[in-house]
Each structure stands twice: as C-alpha cells, then as structure tokens.
Amino acid sequence: MKPSSLLAALALAGVLSACGPAEAPEPQHLGSTTAALDCAALSKPVYHRVRPSTGDSLLTLNANEAANAATTYGYTDDRGTPFKAASSSGTGLSPVYRLYSPSRGEHIVTIDATERSNLIASGFTTDEGVGFYASKTADTCLVPVYRFDNPGLKKHRHAVTQAERDALTAAGWTNEGIKFYAAPTTVDTKFTFVVIPDTQQETVYAPTRLTQRMQWIADNKTAQDIRFVMHTGDLLDWDTPDHLYYQRASDSYQVLDNAQIPYAIALGNHDTAAVCQGGSACPGNVNANLRNTTTFNAYFPLSRFKALGGVFESGKCDNAYHTFNAGGLNWLVLNLELWARTDAVNWAKTVLAQFPKHNVIIITHSHLNGSGGIEQSNGGYGNNSPQYVFDNLIKQYANVRFVFSGHVGNAAYRTDTGVNGNTIYQMLNTFHDGTTNPTRLVEVDTAANTITTRVYAPLTNTERADGTRAYSNVNWVR
C-alpha cells in the first residue's frame with residue numbers, strides 16, 4: 001500500500017483507499033501431490049478501526065493508514081488487530097477485496113469475486129483493490145472471520161472471537177457467517193505430537209490396550225495440546241482369513257477419527273502380505289508380497305487421513321505426506337515405505353523440495369537399530385537400505401528435522417547433521433511391550449527452540465526410563 005496515494009484518494013473522496021498486490025494464483029500441483037496452505041505467510045497484523053460518528057469499520061494492513069484514519073478522518077475507535085493476513089499472494093491464499101460505498105459511507109471486504117461484482121453493482125463503486133490475502137478454506141493454523149450486518153446502520157463488522165460475536169449479536173447485529181479464514185494474532189508456541197511404536201502384540205493378544213491408548217490420546221487432546229499422531233509400523237502381527245486383526249486396529253483408530261485427531265501410519269513388514277500366521281514368510285515372491293498392501297488400504301483408505309496432502313501411488317497410503325500447522329510453524333509428516341523402492345525415494349524428494357518452509361517429520365518402519373546406528377540392510381527382501389534412504393533423501397534436505405522408526409530393539413537416539421547444516425533428530429521406539437501400551441509424547445516449543453520427549457504408558461500410568469530426552473537450540477524452519 002502507498003500512503004501518499006491513499007491520502008490523495010482520501011482528500012478526493014472522503015474515504016480511505018488502498019492499492020493491493022496482484023491476485024493469488026491457484027494452488028500448485030506436483031504429480032500426485034498437492035501444495036499445502038502457506039500458513040507462515042499469514043504474518044501481517046490487520047488493523048481494525050471504527051468511525052464512531054457513522055459506525056463504519058475499516059480493516060487495513062497499513063499501520064500508517066490506520067493512524068491517518070484516526071487523526072484525519074475520525075476512525076478513532078481502535079479495535080486492535082483481530083487477525084493476521086498476508087500482504088502478497090501465496091499457496092492456498094486468495095485476495096480479499098476492499099470496497100467503499102459513497103452513498104452509505106461504508107467500507108466492506110470480501111474474498112468472493114462474485115460478491116465483489118454484486119457489491120459494486122449495488123453501490124460499492126469505489127474499488128480500493130486488494131486489502132490483504134487470506135484463505136477460503138479452514139486449516140488448523142487459521143481462525144474463522146465472521147461478518148455481521150446491521151441494516152439500521154447500513155454497516156458491516158467483522159469478528160473473530162466468541163466474545164466479539166456475542167457482543168455484536170447482543171447489540172442487534174446479524175451474523176452472516178464465516179467469510180474467510182485468517183491467522184490468529186496470538187500463537188501458542190508449545191504443542192505435542194504422539195509417536196506410537198510397534199503394536200503387533202496388542203492387536204493379536206490384547207486389543208483393549210491399543211484402544212485404551214487411543215482413548216487416552218483423545219481424552220488428552222486439549223490438555224496435552226496433541227496436534228498429530230504417528231505410528232511407526234507393525235500395527236498388527238499377521239493377517240487372518242477374516243482380517244480380524246485389521247478390524248481390531250481399524251476400530252482402535254476410530255477413536256482418533258471421532259476425536260478429529262489427524263494421524264499417519266508407516267507400514268511395517270507385518271502390515272503387508274509378506275508375513276503369514278505365526279510371523280513366518282508367506283509363500284511366493286517375498287518382495288512382491290512386501291508391496292502388497294491391499295488389505296491394509298481397504299481398512300485404512302485415504303479418506304481416513306485428514307491431513308493428507310498427496311500420495312506416491314494412487315489410492316494407497318503406503319507412501320504419503322500430511323501437513324499441519326502448530327506452534328506458529330508449518331509441518332509435514334512423510335510416511336515412507338519399509339526398505340523403500342528407488343521410485344518412492346525419488347517421489348519423496350519432490351515432496352521435500354516442494355515444501356521448503358515446512359518442518360519435516362519422517363516416519364518409516366526401519367531406520368535405526370537397537371544400538372542407534374542406521375540400518376545397513378534391506379532386510380533381505382526389501383529394496384533399498386535405510387542407509388541408502390538417509391544418504392539420498394533424509395540428509396539432502398534442509399527442512400528435515402525428525403526421523404522416527406521401529407522394527408528392532410527398544411529405544412535409541414541419534415542426531416546427524418544434514419548437508420545443509422540442519423540437525424536431524426532420530427529416535428527408535430519399538431517397545432514390544434507385553435503388558436503396557438507405551439506412547440511417545442514429543443513436546444515442541446517453537447519459541448524456546450526446544451524438544452522434550454518421554455514415553456508414557458496410559459494403561460499403567462508409568463514412564464519408561466529409556467524414553468526421556470531433551471534437546472535445546474533447535475533451529476526450526478520459519
């Protein structure tokens with residue numbers, strides 16, 4: 001916005017006007033991936049000023065315009081900065097247009113191009129361009145912005161908080177509903193994500209432990225500020241003709257579905273057609289069986305993964321990425337197949353390259369061994385080794401922050417420095433526990449730049465001594 005041109009327009013029309021940037025492009029697509037909303041771009045406070053003499057409401061990104069509106073044009077009621085928006089176009093963002101009606105003495109904003117045309121036709125003839133950029137769709141990093149109408153005053157007002165909406169309703173304003181989504185002005189910099197270890201013994205011998213864990217997560221969603229749940233594979237031990245263990249696992253995850261907690265699952269070898277009853281290898285080509293995940297995908301279709309952004313193979317969750325926002329930052333969870341194929345690794349490269357502003361968490365069934373080293377073998381029937389995946393994918397991208405795995409051992413911890421200088425925090429949590437239900441809780445503090453983690457068993461209300469670690473001076477992608 002240009003204050004000099006604003007003042008000239010004000011002097012001529014008796015209103016405030018602004019010129020905005022060009023219209024945002026449509027979201028980009030990359031193969032079978034879809035670009036996520038760039039939440040970090042919504043970082044500019046939007047100032048809200050009201051003109052008491054008329055009730056007109058002004059929203060602007062320009063602090064100078066807000067100040068001039070108060071001192072020169074009577075917009076003396078300072079309502080603060082109710083939300084944040086973007087000053088330029090970005091992935092998933094759309095222009096919010098600002099219009100003025102000389103006859104009504106009213107400003108109004110809209111993200112709807114059709115409504116903009118209708119407003120211009122109905123008297124909002126001063127088109128002040130793009131005021132800011134926001135989202136047409138909801139996201140975990142956003143808050144809904146409601147619009148209220150007062151027919152008596154012939155004015156509109158926007159509100160975010162419940163208290164603001166209640167006050168407008170009590171004063172006789174009519175709620176027109178959510179008009180767009182923007183970023184909150186205050187951000188909680190602490191949050192938790194959960195990593196579940198191999199649960200194959202639970203699904204076969206004690207399915208109530210798996211369900212009880214999920215119920216604990218759901219019950220503590222708010223108290224622990226849990227934003228995402230991950231599973232590092234071997235959800236079950238083997239298949240049966242009636243798919244009993246898949247059904248048990250599916251029923252347990254229904255608890256998270258009901259609680260609207262997004263999750264991702266890295267498939268283990270026991271989650272595929274490679275392992276038969278008792279844990280022995282199934283007949284046939286074991287490598288082909290390892291990639292046969294038809295039953296798993298039948299019980300865990302893509303529709304269950306609420307934060308899903310894209311997949312490697314159509315209709316299969318074996319290799320997928322998921323995005324969310326927490327702590328004021330963008331996050332991407334990549335679940336990668338066990339002993340990954342080269343094509344799957346190459347696909348994952350395109351994902352990490354496409355999201356350089358996201359902090360990446362990789363989950364895969366086999367990565368670290370029990371002593372904390374990176375596994376060198378493909379298990380004898382996979383494709384590439386974890387070392388190959390680390391060398392060709394994980395350490396090559398500056399946005400990779402975490403790798404979680406299971407398969408062997410119990411707990412192990414390792415940090416490595418990627419080729420771009422980023423620290424990669426790697427944790428093994430297998431915990432083939434026959435009596436409890438270990439659950440790794442990872443708390444991130446994006447303001448203090450710290451990571452703390454512990455392994456808690458909800459069933460017995462106990463902590464594992466080998467589950468605790470703390471890291472400081474973490475360099476997040478911002």
Side-chain angles (χ1 to χ4, degrees), residues 193-218 228-240 242-257 261-279 282 289-306 308 311 316-320 322 333-340 361-367 379 382 404-408 410 428-434 436-440 455 457-459:
F193 63 84
V194 174
V195 185
I196 299 174
D198 302 44
T199 54
Q200 58 205 86
Q201 294 185 19
E202 296 176 33
T203 3
V204 174
Y205 304 111
T208 55
R209 282 194 277 135
L210 180 59
T211 303
Q212 194 270 347
R213 177 199 281 106
M214 299 307 194
Q215 191 61 58
W216 183 89
I217 292 171
F228 205 96
V229 175
M230 306 163 208
H231 196 298
T232 51
D234 282 357
L235 180 58
L236 47 87
D237 213 351
W238 55 76
D239 195 11
T240 59
D242 61 357
H243 308 309
L244 173 62
Y245 304 139
Y246 281 105
Q247 186 62 59
R248 287 177 176 176
S250 176
D251 291 345
S252 295
Y253 267 89
Q254 187 63 47
V255 176
L256 298 187
D257 293 338
I261 300 175
Y263 55 85
I265 303 172
L267 277 66
N269 50 319
H270 286 258
D271 302 320
T272 73
V275 178
C276 280
Q277 188 164 353
C282 290
N289 289 339
L290 182 66
R291 305 305 173 204
N292 181 354
T293 58
T294 302
T295 306
F296 190 97
N297 279 282
Y299 281 86
F300 289 91
L302 298 183
S303 59
R304 296 190 73 165
F305 300 97
K306 302 307 181 186
L308 183 67
V311 298
K316 297 179 68 175
C317 67
D318 306 33
N319 297 278
H322 319 254
V333 178
L334 174 73
N335 62 272
L336 190 66
E337 67 186 19
L338 171 66
W339 304 316
I361 305 168
I362 296 176
I363 55 172
T364 190
H365 187 53
S366 175
H367 178 66
F404 293 95
S405 59
H407 190 55
V408 295
N410 284 302
L428 169 73
N429 47 279
T430 306
F431 308 125
H432 287 117
D433 196 311
T436 67
N437 49 4
T439 307
R440 182 175 295 282
V455 175
L459 185 68

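Just so you know, these numbers come straight off a predicted model, no measurement behind them.
Pairing each heavy atom of Gly382 with each of Leu290, the nearest pair is CA-CD2, 3.8 Å. Scanning both residues, Pro301 and Ala298, for their nearest heavy atoms gives CD-O, 3.8 Å. Ser405 approaches Ser366 most closely through the heavy-atom pair CB-C, 4.2 Å. Residue Ile363 comes nearest to Ala264 through the heavy atom pair CD1-O, 3.9 Å, listed as atom of the first residue, atom of the second, then distance. The minimum heavy-atom distance linking Tyr299 with Arg304 is given by the pair O-NH1, 3.0 Å. The two residues Met230 and Val333 have their closest heavy-atom pair at CE-CG2, 3.8 Å.
Separating the OG1 atom in Thr272 from the CZ atom in Phe296 is a distance of 10.5 Å, to the nearest 0.5 Å. With values rounded to the nearest 0.5 angstrom, His270 atom NE2 is found 11.0 Å from Cys276 atom SG. Once rounded to the nearest 0.5 Å, the distance linking CG of Asp257 with CZ of Phe305 reads 9.0 Å. The line from CD of Gln212 to CD1 of Ile217 is 9.5 Å long, rounded to the nearest 0.5 Å. To the nearest 0.5 Å, the span separating CZ on Phe404 from CZ on Arg440 amounts to 7.0 Å. Considering CG of Asn319 and CG of Asn335, their distance stands at 7.0 Å, rounded to 0.5 Å.
Within the structure, salt bridge (Lys or Arg N to Asp or Glu O under 4.0 Å) contacts touching residues 264-278 (residues at least two apart or in different chains) do not occur. Identified under the salt bridge (Lys or Arg N to Asp or Glu O under 4.0 Å) test for residues 200-215, with sequence neighbours left out: Glu202-Arg213.
Take Asp318 and apply the side-chain hydrogen bond (donor to acceptor under 3.5 Å, both in side chains) test, not counting sequence neighbours, and it matches Thr293, Asn297. His407 pairs by the ring-ring contact (aromatic ring centres under 6.0 Å, His included) definition with Trp339, His365, not counting sequence neighbours. Thr436 pairs by the side-chain contact (heavy atoms from CB on, under 4.5 Å) definition with Asp433, Pro438, Ala457, Thr460, not counting sequence neighbours. Shown here are the side-chain hydrogen bond (donor to acceptor under 3.5 Å, both in side chains) partners of Gln247, two or more places apart in sequence or in another chain: Asp251. Applying the salt bridge (Lys or Arg N to Asp or Glu O under 4.0 Å) criterion to Arg248, with sequence neighbours excluded, gives no partner residue. Applying the side-chain hydrogen bond (donor to acceptor under 3.5 Å, both in side chains) criterion to Thr232, with sequence neighbours excluded, gives no partner residue. Judged as a ring-ring contact (aromatic ring centres under 6.0 Å, His included), and not counting sequence neighbours, the contacts of Tyr253 are Tyr263, Phe300. Thr294 is linked by a side-chain hydrogen bond (donor to acceptor under 3.5 Å, both in side chains) to Asn292, counting only residues two or more places apart in sequence or in another chain. For the salt bridge (Lys or Arg N to Asp or Glu O under 4.0 Å) test, no residue two or more places apart in sequence or in another chain qualifies with Asp237. Residues satisfying the side-chain contact (heavy atoms from CB on, under 4.5 Å) criterion with Val408, sequence neighbours excluded, are Asn369, Glu375.
Looking only at side-chain heavy atoms (C-beta outward), Phe228 and Pro262 come within less than 4.5 Å of each other. Counting heavy atoms from C-beta on, the side chains of Cys317 and Ile265 never come closer than 4.5 Å. Proximity of His322 to Leu308: side-chain heavy atoms (C-beta onward) are separated by under 4.5 Å at one or more points. Side-chain atoms of Asn410 and Thr430, non-hydrogen and from C-beta on, never get closer than 4.5 Å to each other. Looking only at side-chain heavy atoms (C-beta outward), Ile361 and Val195 stay at 4.5 Å or farther from each other.
Checking each of Asn269, Thr199, Leu338 against Asp234 for a side-chain contact (heavy atoms from CB on, under 4.5 Å) leaves exactly one that passes, namely Asn269.
For the residue pair Ser252 / Thr211, a side-chain donor-acceptor distance below 3.5 Å is found, with atom types taken as modelled.
Within the 3.5 Å criterion, the main-chain N or O of Gly406 finds no donor-acceptor partner in the side chain of Asp198.
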- [ ] Quick one: do Arg291 and Glu337 satisfy side chain to side chain contact (heavy atoms under 4.5 Å, CB included)? Show the steps, please.
- [x] CA-CA 9 Å; Arg291 305 305 173 204; Glu337 67 186 19; 3.6 Å; yes
